[in-house]
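Naming convention: chains lettered A, B, ... in sequence-line order (proteins, then strands); numbering from 1 in each chain.
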Number of protein chains: 2
Amino acid sequence: MTTQDDRCASGQTGQDRGGAQARACTVREALDRVGGKWSIGILIAASTGPIRFTELERRVEGISRRMLTLTLRNLERDGLLVRHVHATVPPRVEYTATPMARELYESLVALTRWAERHRDAISAARAAYDREHPVAKPTQSV
Amino acid sequence: MTTQDDRCASGQTGQDRGGAQARACTVREALDRVGGKWSIGILIAASTGPIRFTELERRVEGISRRMLTLTLRNLERDGLLVRHVHATVPPRVEYTATPMARELYESLVALTRWAERHRDAISAARAAYDREHPVAKPTQSV
DNA sequence: CGGGATCCGTACCGATACTG
DNA sequence: CAGTATCGGTACGGATCCCG
């Protein structure tokens with residue numbers, strides 16, 4: 001989303017046994033492309049076949065026209081989506097996920113399952129944390 | 001990172017064959033917790049065993065004290081990290097990844113491999129896109 | 001139909017200074 | 001040592017209006 005490439009750029013100054021931080025950086029490469037609020041939704045909607053702009057707008061519910069356009073551009077730039085313009089009277093633009101994008105989606109399956117498995121544990125953890133760490137505004141009282 | 005829970009909240013208004021968008025949303029649940037710039041780095045550094053604050057500061061290179069603290073708090077809140085304070089003269093605080101966090105990391109392996117496989121293809125796609133889509137500033141020339 | 005341009009609020013993140 | 005507090009920049013994302 002950043003226009004910038006922002007390669008990991010770790011100077012490798014300290015000790016990094018096993019290249020742990022280097023691997024962290026590799027993961028971030030992937031996350032950076034899919035971390036946007038709408039990227040995944042669009043990718044999935046486009047993974048089953050060519051899909052039009054307006055159809056995307058309907059399917060990826062809640063997205064604004066602007067973000068749809070922007071995210072599409074970024075995905076196209078990264079080679080995850082192909083944009084095809086039909087020179088018809090009402091313009092017809094279709095987006096299709098590339099094989100690389102579909103591989104990406106499959107790589108996310110494990111993550112999806114993780115989220116499903118731990119969904120409850122996480123919200124429980126959050127609730128517990130919030131209970132034990134109240135905000136404690138100084139301007140309270142009464 | 002948002003303090004807010006922000007559950008997917010898809011009203012399920014339109015057609016979502018196969019619950020595609022619902023799955024997109026599940027992925028985002030996971031991404032939201034790990035999408036922060038430093039989350040993964042910290043998680044990995046803490047996954048091999050208890051690690052101290054300062055040690056983390058050294059290992060996760062480039063991180064500021066502030067972001068380290070903030071990210072640690074969020075990870076702890078989500079139940080991905082456990083914070084243990086030793087009541088010694090110089091304070092000693094150790095962070096340890098929970099089993100859930102380690103599972104998370106393992107779920108990211110597929111994604112890591114994807115990033116490795118397509119790293120070059122992506123930067124090539126970007127270069128090509130940028131070549132064909134110059135910025136074209138209106139206030140150019142001399 | 002499929003965008004682009006602009007305005008604006010908010011989140012994220014970095015730098016710096018202070019503290020129990 | 002392990003933080004907290006404050007400031008400020010920038011990127012993200014939403015709303016609205018305009019256009020071929």
Side-chain angles (χ1 to χ4, degrees), chain A residues 1-6 9 28 31-42 45-46 50-77 81 83-95 133 135-139, chain B residues 1-6 9 28 31-42 45-46 50-76 81 83-95 133-139:
Chain A
M1 237 46 168
T2 342
T3 264
Q4 270 301 63
D5 216 303
D6 188 40
R28 295 230 67 257
L31 292 180
D32 281 346
R33 283 181 195 91
V34 134
K37 185 169 180 182
W38 306 104
S39 310
I40 298 282
I42 293 177
I51 183 169
R52 297 183 64 173
F53 186 89
T54 311
E55 180 63 14
L56 274 170
E57 201 173 0
R58 264 193 305 271
R59 288 264 264 280
V60 185
E61 199 161 348
I63 194 170
S64 68
R65 218 184 213 81
R66 172 185 143 85
M67 286 319 294
L68 178 55
T69 305
L70 280 180
T71 311
L72 284 172
R73 292 293 167 271
N74 283 312
L75 294 174
E76 189 196 352
R77 186 164 105 104
L81 242 43
R83 187 175 110 116
H84 187 227
V85 184
H86 302 261
T88 56
V89 184
R92 178 191 187 86
V93 183
E94 287 180 327
Y95 294 89
H133 300 263
V135 266
K137 280 277 179 184
T139 33
Chain B
M1 230 54 164
T2 340
T3 263
Q4 271 300 64
D5 216 303
D6 187 43
R28 296 229 67 259
L31 291 181
D32 281 346
R33 284 183 192 89
V34 132
K37 186 168 181 183
W38 306 105
S39 311
I40 298 283
I42 292 177
I51 183 169
R52 297 182 65 173
F53 186 88
T54 310
E55 180 63 12
L56 274 170
E57 200 172 1
R58 264 193 304 270
R59 287 266 263 282
V60 184
E61 201 162 347
I63 195 170
S64 68
R65 216 185 217 81
R66 174 187 141 85
M67 285 319 294
L68 179 53
T69 305
L70 280 180
T71 311
L72 284 172
R73 291 293 169 272
N74 283 313
L75 293 174
E76 188 196 354
L81 243 43
R83 187 174 110 118
H84 188 227
V85 184
H86 303 261
T88 56
V89 184
R92 177 191 190 87
V93 182
E94 286 180 327
Y95 294 88
H133 299 264
V135 267
K137 280 278 180 185
T139 33

Exercise. Tell me: CD of A:Glu61 to P of D:dG13, nearest whole Å?
Worked result: 18 Å
Seminar exercise, completed: Whole-Å distance, A:Phe53 CZ to C:dG4 C1', equals 10 Å
Seminar exercise, completed: Separation of D:dC1 atom P from B:Tyr95 atom OH, nearest Å, is 14 Å
For this session: Using modelled atom types only, decide if a donor and an acceptor are shared between the side chain of B:Thr71 and the backbone of B:Met67 within a distance under 3.5 Å.
Result: yes
For this session: Check whether any side-chain heavy atom of B:Asn74 lies under 4.5 Å from a side-chain heavy atom of B:Leu81, and answer yes or no.
Result: no
Seminar exercise, completed: Rounded to whole Å, the CZ-P distance (A:Arg52 to C:dG3) equals 10 Å
Problem set entry | Rounded distance [0.5 Å steps], CG in A:Leu56 versus CG in A:Leu72 | 6.0 Å
Problem set entry | Contacts of type side-chain hydrogen bond (donor to acceptor under 3.5 Å, both in side chains), residue B:Arg52, not counting sequence neighbours | none
Problem set entry | Contacts of type side chain to side chain contact (heavy atoms under 4.5 Å, CB included), residue A:Arg73, not counting sequence neighbours | A:Thr69, A:Glu76, A:Arg83, A:Tyr95, B:Tyr129
For this session: Using side chain to side chain contact (heavy atoms under 4.5 Å, CB included) as the criterion, list what pairs up with A:Arg65, not counting sequence neighbours.
Result: A:Phe53, A:Glu57
Exercise. Taking OP1 and OP2 of D:dG3, is either one under 4.0 Å from a side-chain nitrogen or oxygen of B:Thr69?
Worked result: no
Exercise. D:dG3, C:dG3, C:dC1: which one has an atom nearest the side-chain heavy atoms of A:Arg83?
Worked result: C:dG3
Problem set entry | Spacing between B:Leu31 atom CG and C:dA11 atom C1', to the nearest angstrom | 17 Å
Exercise. In Å, rounded to the nearest 0.5 Å, how long is the span from CZ of B:Arg59 to OG1 of B:Thr54?
Worked result: 12.5 Å
For this session: Applying side chain to side chain contact (heavy atoms under 4.5 Å, CB included), name anything that partners A:Pro50, two or more places apart in sequence or on another chain.
Result: A:Glu94, A:Thr96
Exercise. Using rotation axes that map the C1' atoms of four end pairs onto the next four (five pairs an end), what angle separates the end axes of the helix from C:dC1-D:dG20 to C:dG20-D:dC1, to 10°?
Worked result: 40°
Seminar exercise, completed: Heavy-atom contacts, protein to nucleotides 14-20 of chain C, under 4.0 Å, summarised as B (base), S (sugar-phosphate only) or - (none) per nt, yield BB----B
For this session: Can you tell me the distance, in whole Å, between the NE2 atom of A:His84 and the C1' atom of C:dC1?
Result: 16 Å
Seminar exercise, completed: Here the distance between atom C1' of D:dA15 and atom CG of A:Leu68, to the nearest Å, is 15 Å
Problem set entry | Listed partners of B:Val89 passing side chain to side chain contact (heavy atoms under 4.5 Å, CB included), at least two apart | none
Problem set entry | Length of the line joining A:Arg73:CZ and D:dC12:C1', which is rounded to integer Å | 18 Å
